[in-house]
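Scope of the values below: all heavy atoms of this structure, side chains included, with no hydrogens, waters or symmetry mates. Below, chains carry the letters A, B, ... as their sequence lines are ordered, and counting in each starts from 1.
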Protein chains: 2
Amino acid sequence: MGTTQLETVPEPKYWHLKTVLSEALDSEFAIGEILPNERELAARFGVARATLRQALEQLELEGRLQRRRGVGTTVAPPRMGVAVGDRAHSWEDADDAAWQPVDSTEAEPPAAVARLLDVPPGTLVHTVRRTRVSHGQPIAAELLYVPSDSVAVPAIDTPPGAPRARAVLRELRRVALEGREQSVELGSARADDAKQLDRLPGAPVLVVTTRYTAAGHTVAVAVATYRADTCRLTFGDGPAVELLAS
Amino acid sequence: MGTTQLETVPEPKYWHLKTVLSEALDSEFAIGEILPNERELAARFGVARATLRQALEQLELEGRLQRRRGVGTTVAPPRMGVAVGDRAHSWEDADDAAWQPVDSTEAEPPAAVARLLDVPPGTLVHTVRRTRVSHGQPIAAELLYVPSDSVAVPAIDTPPGAPRARAVLRELRRVALEGREQSVELGSARADDAKQLDRLPGAPVLVVTTRYTAAGHTVAVAVATYRADTCRLTFGDGPAVELLAS
DNA sequence: TAGTGGTCTAGACCACCCC
DNA sequence: GGGTGGTCTAGACCACTAG
């Protein structure tokens, strides 16, 4: 019992490196400032570049750094709070500049979405693509799935692209909604989402799945992909949570 | 699982590898089944082990795989839905087996939490540590910060450990709460949280920060760290969302 | 064109788990 | 002890950006 054996577990180098870098970011760098390049940092700390990169990846995952190929590594600003749960329904604000409709097609939804929509696999549904922008930055890409019997107009004679997307949303606004369920999970950006989000494929994202219900059945399902590096999703009764976790 | 030769495509090898593995997981493996080890998989696909690992890391991030040192890589079950927003207040269910109190101390909270609590930096607050368990697995580690003026009993003569934690929660239950704000962001597990969650330090986690308010001021702040690989956080008016995004 | 981060290789050793 | 995943090295080349 008296043997105060300190664990002789050598902390991984990249972990220690991450701590050192994190403290340096707090004390010696300003937001937006560019760091020395990876080869120089690795040499400065006496580690291989791959090890240095492991530390940088962690810091990027935590939203402390931003890395862009061909440019460099910069100190990221604090994550922005993004409300995903406090407005009644995200398509009700017609003038809201947050969501920009991109286009709309009729397509077969993924199997998981078909189950949520409670339609047979293979059913064609309106598929509206939207982008959410905040502070001039794309922060989310969304696919909104709307079964054809939820909206009156098939939008077949509406010009494709944004106009057709707006037409579906306009029809959707006429539906009296009664409830909503949401879930959040970690994912990695598909190629198309990554392009919209200005990230590389595989970048970590927060996937928000929303099911909208009315009159006891599912009206629409939205799958929104938020940049995990720059976004903090806020829910709640009141105004957005203002501050970060430690 | 096929041993198809990888073509020279503009797509990164690890990305293509991830796709191939993902399809193999769907069609050729059962949940819980153990995969061939990394060296053999790498040889089978004709890539370096590091490249294979990049693909496995992505699949683990998406909750498709589970890797344990000394054991192997197994096919993960679908993520479990975890309700974090539908019960009024998570300490009101005295008999709820979900949250297990661990201990409680009086300590100085992190600066960000002090701001949320609206107390001067350096103030001592009750700090209750709890673990959330589901299906026999630890899924979350939480630190609950309660300013001393929120609860009557300083719990100074209560035995340390779980009894003291329970005492603070008991007092907290007497407070009439009026609101709550929550935020979700991506983080990486600190060493202590990682130990509680049975993961390695740095593992990806979903950090849920909750601010509880009553009579116009903040009563408590909870910072809960959920395993991002196994959990899908659910919010909403109704029952938990049942299905996953594609 | 020069410089950045992104990908990839072929090794090595270590920490951990189970037999 | 034998096998697993985790860490680390010292290179190489590629994709992208900017001056």
Side-chain angles (χ1 to χ4, degrees), chain A residues 7-19 21 33-61 64-76 188-189 191 194-195 198-204 229, chain B residues 5-19 21 33-61 64-76 188-189 191 194-195 198-204 229:
Chain A
E7 293 145 332
T8 60
V9 176
E11 199 175 43
K13 272 188 186 176
Y14 78 91
W15 187 259
H16 182 243
L17 204 48
K18 179 197 143 187
T19 307
L21 286 169
E33 195 174 347
I34 192 164
L35 266 63
N37 71 55
E38 296 183 349
R39 289 162 181 85
E40 185 184 331
L41 280 177
R44 192 180 295 189
F45 287 104
V47 299
R49 192 180 154 217
T51 304
L52 186 267
R53 279 179 60 81
Q54 226 177 325
L56 294 183
E57 266 151 35
Q58 283 253 348
L59 289 169
E60 194 180 26
L61 203 75
R64 304 288 311 272
L65 292 179
Q66 188 159 354
R67 297 194 288 175
R68 275 175 303 170
R69 169 161 47 178
V71 180
T73 302
T74 56
V75 181
S188 55
K195 197 163 189 179
D198 193 25
R199 301 251 59 191
L200 291 173
D229 56 341
Chain B
Q5 198 67 24
L6 299 176
E7 302 169 14
T8 58
V9 284
E11 201 174 43
K13 272 189 186 177
Y14 78 90
W15 186 259
H16 185 239
L17 202 48
K18 180 197 141 188
T19 307
L21 285 169
E33 193 173 347
I34 193 165
L35 265 63
N37 72 53
E38 296 183 349
R39 290 161 180 86
E40 184 183 331
L41 280 178
R44 193 181 296 192
F45 287 105
V47 298
R49 191 178 155 218
T51 303
L52 172 79
R53 280 180 60 80
Q54 229 178 321
L56 295 183
E57 266 150 35
Q58 284 253 348
L59 290 169
E60 192 179 28
L61 202 75
R64 305 287 311 274
L65 291 180
Q66 190 159 354
R67 298 194 286 175
R68 275 176 302 172
R69 172 161 46 181
V71 179
T73 301
T74 56
V75 181
S188 55
K195 197 163 189 179
D198 191 25
R199 302 253 54 191
L200 291 174
D229 57 341

- Message: My understanding is that only residues two or more places apart in sequence, or in another chain, count here; which of them pass side chain to side chain contact (heavy atoms under 4.5 Å, CB included) with T73(A)?
- Response: L35(A), L65(A), R67(A)
- Message: Measuring only between side-chain heavy atoms, which start at C-beta, is K18(B) closer than 4.5 Å to S188(A)?
- Response: yes
- Task: Send over the distance from L56(A) CG to dT4(C) P, rounded to a whole Å.
- Result: 14 Å
- Base, backbone or nothing for each nucleotide of nucleotides 5-12 of chain C, written B, S, -, heavy atoms under 4.0 angstrom, 5' to 3'? BBBSB--B
- Above 12 or not: heavy atoms from other molecules or residues under 6.0 Å from CG of N37(A)? yes
- Query: For R49(B), which residues count as a salt bridge (Lys or Arg N to Asp or Glu O under 4.0 Å) partner, sequence neighbours excluded?
  - Reply: E38(B)
- Query: In dot-bracket form, how is DNA chain D paired, counting a Watson-Crick or G-U wobble pair only if both its distances are under 3.5 Å and using | for bases paired to another strand?
  - Reply: ||||||||||||||||||.
- Query: To the nearest angstrom, how far is L59(B) atom CG from dG5(D) atom P?
  - Reply: 14 Å
- Item | Gap between atoms CD and C1', on E57(B) and dG5(D) respectively (whole Å) | 11 Å
- Whole angstrom value for the distance that separates P of dG3(C) from CG of L41(A): 17 Å
- Message: For T74(B), give me all partners under side chain to side chain contact (heavy atoms under 4.5 Å, CB included), at least two apart in sequence or on another chain.
- Response: I34(B), Q66(B)
- Message: Run the side-chain hydrogen bond (donor to acceptor under 3.5 Å, both in side chains) test against E33(A) and tell me which residues pass, sequence neighbours left out.
- Response: none
- Passes side-chain contact (heavy atoms from CB on, under 4.5 Å), W15(A) versus Q58(A)? Steps please. CA-CA 9 Å; W15(A) 187 259; Q58(A) 283 253 348; 3.8 Å; yes
- Message: Contact between L21(B) and R64(B) at the side-chain level, heavy atoms closer than 4.5 Å - yes or no?
- Response: no
